[in-house]
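Have a look at the structure below, then the notes.
Keep in mind that what you see is a predicted model, and the values were worked out from it rather than measured. In what follows, every heavy atom counts, from backbone to side chain, and hydrogens, waters and symmetry copies are set aside.
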Amino acid sequence: MFSFLALLAEAQPQMESTAPPWATLVPLIGIGLLMFLFMGRNSRKQESERQAMVNSMQKGHKVLTNGGIYGTVVSVSDTEDEVVVKVDDNVRLKMIKGSILRNLTREEETKAAKEKK
């Protein structure tokens, strides 16, 4: 089979390229640019959604931290970037708002609203 392919390749006439060598890179650069733009837009969208989630956090919301800790928000500081999370009886953690990964209460409310429609 390989000998047949070799014969077929030899039988076809070789055409000389009139395009400059850099012309083959133009489509690759275009594809790379498009991928960069789409990925950047997606990450900006995710970051804006995450920032909205952090800003909508209120006392009593159940949250999940980046460290995998489930807890309930006890207080949210508006002036500082801090939140106090109750993990267990007599266990409270003071952390920055950016360490909150998910707001489980808002997710449940959103899910219930979608099911209601």
Mind checking whether L93 and V63 sit in one hydrophobic cluster, side chains of I, L, V, M, F, W, Y counted as touching below 4.5 Å?
-> yes
Residue pair K114 / T110, side-chain heavy-atom distance below 4.5 Å | yes
What's the spacing between S43 OG and R50 CZ if we round to 0.5 Å?
-> 13.5 Å
Rounded to the nearest 0.5 Å, how far apart are NE2 of H61 and CD of E109?
-> 5.5 Å
CD of E49 to CD of E47, rounded to nearest 0.5 Å, is 10.0 Å
Side-chain heavy atoms under 4.5 angstrom apart, residues restricted to Ile, Leu, Val, Met, Phe, Trp, Tyr: same cluster for L64 and V76?
-> no
Are V91 and V74 co-members of a hydrophobic cluster defined by side-chain heavy atoms under 4.5 Å apart?
-> no
State the CD1-OG1 distance between I96 and T65, to the nearest 0.5 angstrom.
-> 11.5 Å
Using modelled atom types only, decide if a donor and an acceptor are shared between the side chain of R106 and the backbone of M57 within a distance under 3.5 Å.
-> no
Quick one: do V84 and V54 end up in the same hydrophobic cluster if we chain Ile, Leu, Val, Met, Phe, Trp and Tyr together by side-chain heavy atoms under 4.5 Å apart?
-> no
Same cluster or not: are M95 and Y70 linked, directly or through other Ile, Leu, Val, Met, Phe, Trp or Tyr residues, by side-chain heavy atoms under 4.5 angstrom apart?
-> no
Check whether more than 12 heavy atoms from other residues, nucleotides or ligands sit under 6.0 Å from atom NZ of K97, and answer yes or no.
-> yes
Could you state the interatomic distance from NZ (K86) to NZ (K59), rounded to the nearest 0.5 Å?
-> 10.5 Å
Roughly how far, to the nearest 0.5 Å, is CD of Q58 from OG of S75?
-> 13.0 Å
Tell me, do I100 and V85 make a side-chain contact under 4.5 Å, heavy atoms counted?
-> yes
Check: G60 main-chain N/O paired with T72 side-chain donor or acceptor under 3.5 Å = no
